[in-house]
Amino acid sequence: MASYVFAPPAQPALPVKGQTALFPVHRIYCVGRNFADHAMEMGGDPSREPPFFFQKNPDTLVASGATMPYPSGTRDLHHEIEMVVGLKAGGENIPAEKALDCVFGYGVGIDLTRRDLQAEMKKLGRSWEVAKAFENAAPCSALVPAESCGHPQAGRIFLKINGQIRQQGDLGQMIWKVPEMIATLSTLFRLVPGDLIYCGTPSGVGPVEMGDVLEGGVEGVGDIRLTIA
Ligand code: MN
């Protein structure tokens, strides 16, 4: 057995609904501008620019129900409610027709974004990393195995802050559907079991303040709850 110069970091993982075993997380991929109404609110034109990918680090995951501190380095933390796909198999150049065979299950996540830093990075033509991959940037619910929830293609996705609705859309509005996302991503990266994909957010993104309670959900999948201390 290998020895290490110090104890290796803990394996990031998510709970699985109805099981005691955890889902070990490898990478977190995110799809940008996968809902036309959100692409437009961000100043894009979905008829000309297809969705795209970026990553968050797996150790930025936060379990549903947690209280997290307001992040450093921003005065404009934004919420983006998203469906999350967890993979149990992977590969490269996966055909869209085979892509759903790779899916373990689905969850509900929040793609937290330091919007002010993102705007600065966009202006300078620099990477979004500081805007997307900071501590606690990836809250996510337990995953629900596809055997129990199926492969949701339509259904309400929403986010409330302190009981007030802020984001609302339907999974049917996604520009890239899950099979297309997996197929496209697998032409760029080698997908493996444990990869997560945050599927993009509907319109209505906005700021989160200290003390806010965020509650979101995806119909047929589940709910997420997060408190900002
Ligand atoms: Mn997003």
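Side-chain atoms are counted along with the backbone in the values below, which use heavy atoms only and exclude waters and symmetry mates. Being a predicted model, the structure only gives us computed values, none of them experimental. For ligands, and for the atoms within them, numbers begin at 1 and follow the listed sequence.
The number of protein N, O or S atoms lying under 2.8 Å from the Mn ion (ligand 1) is 3.
Annotation for Gln19: atom CD counts as buried by contact number, over 12 foreign heavy atoms lying within 6.0 Å. More than 12 non-hydrogen atoms from other residues, nucleotides or ligands lie less than 6.0 angstrom from NZ of Lys122. Around atom CZ of Arg190, no more than 12 heavy atoms belonging to other residues, nucleotides or ligands sit under 6.0 Å away.
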Under the criterion salt bridge (charged side-chain N to carboxylate O under 4.0 Å, His left out), I'd like the reasoning laid out for Arg115 against Glu80: C-alpha separation, chi angles, the key distance, then a yes or no.
CA-CA 11 Å; Arg115 193 71 76 201; Glu80 299 187 359; 2.8 Å; yes

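Ring to ring, Phe35 and Trp176 are not that close: their centroids are 6.0 angstrom or more apart.
Pairs passing the ring-ring contact (aromatic ring centres under 6.0 Å, His included) check and including a residue from residues 193-215, sequence neighbours excluded, do not occur.
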